[in-house]
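To start, the structure under review is shown below, and the notes come after it.
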Amino acid sequence: MNKTLFVGGGIGLVIGLGLLIAGLFKVGERPAKLTWRDPEVKSALLTFGYKVYALPKVQFGRHYLSKIVFKNEGEHPIRNFSISYKIDDYVPWTEPEVINQIPGGFTFTELYYPKLPASVSKIRNATQASLQVRFRWLEGNRQREETFSRDITLRGVNELAYCDLPQSEVQSWFDAFNASAFSMAMVTPNDPVVHRYTSEITKLAGGTTAGIAGGAQEVARLCAITYNYMVRSGLRYTGDAGVPTSYDNISTMVQNVRLPRDVIMNNQGLCIELTLLWCSVLEHLGVRTAMILVPGHAFVVAYSPEQNMPMSQGIPIETTAITPRAVGRNADVSFEDAVKMASETLQRYQQDGRIMVLPVQEIQAMGFTPPELPDVDIDKLGETLAKRVAPAASPAVVMMPQSGGGRAMTPIAPAPPVAPVIPAGFTTWRHPQGYVSMAFPADFVQVAPAGALGVIVLSVGNPGTSAECSVMQVPGAQTPQQAINHLTGVFSQVGSRLQVTGSSMGENGAVYFNGSTTLPNGVARWVCVAKAVPGGVVLVSAGSSANVWASQTALLQTIMATVRFN
Amino acid sequence: MSHRFTVFLLLALLALAAWPGKACAQFLPKTTNLVQDIAPDGSISLSMEMTFDAAPWRVWKSQVGDEPSRLRAMMKHQFSAIVIDDFKLEKDDLNRTAKVSMRSPAGPELRKDGRFRIPIEKEFRLVNNTGREWFFSGNNPYANNSLQTVRILLPANATGVTLASPGGTDQGLIYALNVPAGSSRSFVILGSVLAVLGAAAVAAGFFVKKPATSGASAAAAT
C-alpha cells in the first residue's frame, strides 16, 4: 500500500465531496429576494382631467399615480411577479400585471396609470380616497405577498392646480404655472350644453361657415356675434383670485374653475372660465383657439390655419370686456375695443416674456381631453337661454386682421343683414316650391339639366373658371346627413367619389358641410348647406376645381351668403 | 410598462426654456450623440454629447448650461417616470460642446416573457449593428428635428437580440440575458473532479505497493 498516495487521495476525496455537497446545497449563494424603494404616490389628482392619468405617453409618462422601484437582491430569479391596484370604490382591483421572471440583481420600475371612471367628474369637493397596492411573487418555492395603501385626494371637478413642481424649484412665473396644460381638459366643445349655447349664437349669426369656409372674415364675424350674444345675454365677469395651497412639497395656486357648462348655466365667470367658454364655443364651430395666460389674466385668440389665418394673425379677444367695470369702463365695450384691449395685452406681455400660449387642439391631442359629463335638461336650458337675450341688439362690428400680419385690427364690414344683399351682376333664383332662394353670377350657364341624377334642381357654372353652384333635392331624406349619404351613393354610380371633410350646425336645423368630389377628370372642392324641407332635404352647394379653389373662394362665399331657406 | 429613456432627454436638456409659449429653436444643438450603455442588472449609463453653433451656444448656456442643478431638477420632474441618478454636466467652451452623463438603475422594460426591451423612437432608423452595439440615427421631432445619433450597448451576455417593429411606434430592441451560473455550480464541478481524483488516488494508494529500493540502498551504505 502506498500510504502517501492513499492519504493524499483521501484528502482530495474529502474536499471534493465537501465541495460537491456545498454546491448541491447552494451554500454561499444569495437566494432570490425582492426589495423595493419607498413607493412614490401622487397625493392629489385633478378629477376633471381624469383621462390624462390613464395615458402613459402624456408628457413622458409623468402623470402616474404610483411609482415603485423593485430590485431582486438575490442571485436567483424571482418568478411569477404580479402587481395590482385598487382605489376605493372608484377602481376595483386591477387585472394583475404579471412578469414571469425577474433575473437576479435586476432592477425595474412599476408605474400605475389609473383608469378612473367618469363618475369622478361628479366629485364637487376634495374627497379623500385610498390607493391600495398588492404585489405577489415567488422566492424559490415560497409564495410572498405584500400590500400597502396610501391616502390620496381626489380634487373637486372644478379645482385646477396650476403647478406640480416642488416648491424648492419654483423660481419663475413659468414654473408657477407649469401644469396649466391641464386647463385644456376644461375646453368642452362637444358638451351638449355648449352645443345648445352655440346654436343660440349661430341663430344670431344667421348660420355660419366659419369652420368650413368663409375665410378670416367669417371667423371675425362669428367672434363678433359671439361677443355680442354674450353681452346681450347678460353674461358677467366675476373675480376670484384662487387660493394658495400646499401638499407634499408642492405649493400651488388652486383655483375653482367652473366648466363652460356651469358658466353657461350661471351666466357668469372668471377670466379663465370665460376664456374656456370662448374656446369651447369657437372650437365647436370649427374655429381654432388658444388660451393666452399672462400674469393674473387669461384671454383667447381665435384663428383658422385652414383658411389662411394662422395663430400669429388670429383675433385676440378680451373676454372680460363683456362687463365694462372689469376693464375700467362705465359703458358697454364694443367687440372692436375688446379686441384692441387684448391685442395691447398680448403685445405688452410678448415684450415682457411672461406669456403662455395654450393651443386647444394641440394640447387636447396630447391627451388632455375633457371629462365625460352628466346629462342635463337641454330643453330647460334652451328656455333659460331664450329668456336671457334682449330683443334689441347693436350691430356686430366685424374685425379682420390686416393682410400684412401683425396684431392691429380694423373693422371692415358689418354683419350681414337677415335679407341678403344681391351683389351687382348676380341673378336671383328661387326654388320651384319656394324652399330656398339664392343668387349667382349672371354669366353662369347651365352645367346640368334639372332632373339629372335624380337630384339636381339647378346646376350652373362658369366653364372657364370651373366655379359652379347647384341646388339638389333628395326626396325621402329626413336629415341633411341622410341626404349627403344618398348623394354619396348617387355620385359613386357615375364614377365619382364624394367625400365630406367637415360639418357644422347652422340655424334652424341647417347643416353646413364641406368636402371634395373626385371626378374622372380631377378633384373638385365644395361647400354646401342642407336643410330638411317637406318631403325631403334641399342642398345648396358651391364649388370649383381644387386647383383654382383659392382664387374662387371669394366668389363661392358670396354665392353662399345669398342662400336663404324659407 | 414603458420606460422611455431615450431621445426625449434632449428636450429635457432644454427644459428651462421649453415651457409652453417659449421658442426653443434658437438654442438647439447642431448635432446630438447619445450613448446608452445597458448593464445586465437593468441599469443604464447614458451620455449625451451636443455640439452647438456660436449663437445657440450662448443662448443655451444662459438658459440651461449655466444652471446644472436646476437642469437636473427639471429633468427629474419632467422625466419623473424614470429614476435618474448621478447627473453630471461637462461643458467645453472652446469646442462649444456639452456632455451630460447620468445613470438610471432601472432602464429596460421587463417583458412578460422574461426578455427585455429598449424602446427606440420611430423617427430613428437602424444604421448598423455588431450584435452588442446598435447604431441608429434620425431627426428628433421634439428638438426641431435636429440630427441625432443613438448608440446602444447591450449587456455582454445579451442573446437573441432583435429589432422589433422597425420604423414603427413600437420600435425597440428585444433581447434575453444569458445568466451566468451561480457559485454553487462551480463547487459541484470542482468538487466532483476532486472527489473522483481523490477516490482514484485512494484506490491507487491501496493497491500499489511502496517500492523496496530504499532499504537496499541503506544497507549498502553501511
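A note on names: the letters A, B, ... follow the listed sequences, proteins ahead of strands, and every chain is numbered from 1.
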How far apart are the closest heavy atoms of A:Gly61 and B:Ala81, and which atoms are they? O-CB, 3.6 Å
More than 12 heavy atoms from other groups under 6.0 Å of NZ on B:Lys91: yes
Considering non-hydrogen atoms only, spot the tightest contact between A:Phe106 and B:Pro40 and give its length. CD1-O, 3.6 Å
From B:Leu110 CG over to A:Thr107 OG1, what is the distance, rounded to the nearest 0.5 angstrom? 10.5 Å
When every non-hydrogen atom of A:Gly9 is compared with those of B:Ala201, the smallest separation belongs to CA-CB, 3.2 Å
Worked check of side chain to side chain contact (heavy atoms under 4.5 Å, CB included) between A:Gln101 and B:Asp113: CA-CA 8 Å; A:Gln101 181 168 305; B:Asp113 60 5; over 6 Å; no
B:Pro105 to A:Arg37 - nearest heavy-atom pair and separation: CG-NH2, 3.4 Å
Polar side-chain atom of A:Asn100 near backbone of B:Gly114 as donor-acceptor pair, under 3.5 Å: no
When you look at NZ of B:Lys122, are more than 12 heavy atoms from neighbouring residues, nucleotides or ligands closer to it than 6.0 Å? no
I would like to know whether A:Tyr64 and B:Ser80 meet side chain to side chain contact (heavy atoms under 4.5 Å, CB included); could you show each step before the answer? CA-CA 9 Å; A:Tyr64 55 82; B:Ser80 56; 3.6 Å; yes
Against chain A, label B:Ser43 side chain, backbone, both or neither, depending on which of its atoms sit under 4.5 Å from a heavy atom there. neither
Does the side chain to side chain contact (heavy atoms under 4.5 Å, CB included) test come out yes or no for B:His77 and A:Asp164, once each step is laid out? CA-CA 9 Å; B:His77 177 70; A:Asp164 63 357; 3.0 Å; yes
For the pair A:Leu13 and B:Leu194, evaluate side chain to side chain contact (heavy atoms under 4.5 Å, CB included) and give the outcome as yes or no after the intermediate values. CA-CA 6 Å; A:Leu13 180 62; B:Leu194 272 177; over 6 Å; no
Strictly by salt bridge (charged side-chain N to carboxylate O under 4.0 Å, His left out), give each pair with a member in residues 355-364 of chain A just once, sequence neighbours left out. A:Arg288-A:Glu362
Which value, rounded to the nearest 0.5 Å, describes the distance between B:Thr169 atom OG1 and A:Lys57 atom NZ? 5.5 Å
How many angstroms lie between atom NZ of B:Lys112 and atom CZ of A:Phe81, to the nearest 0.5 angstrom? 13.0 Å
Select one option (side chain, backbone, both, neither) describing which atoms of B:Arg115 are under 4.5 Å from chain A's heavy atoms. neither
Could you check whether any side-chain heavy atom of A:Thr109 comes within less than 4.5 Å of a side-chain heavy atom of B:Ile82, counting everything from C-beta outward? no
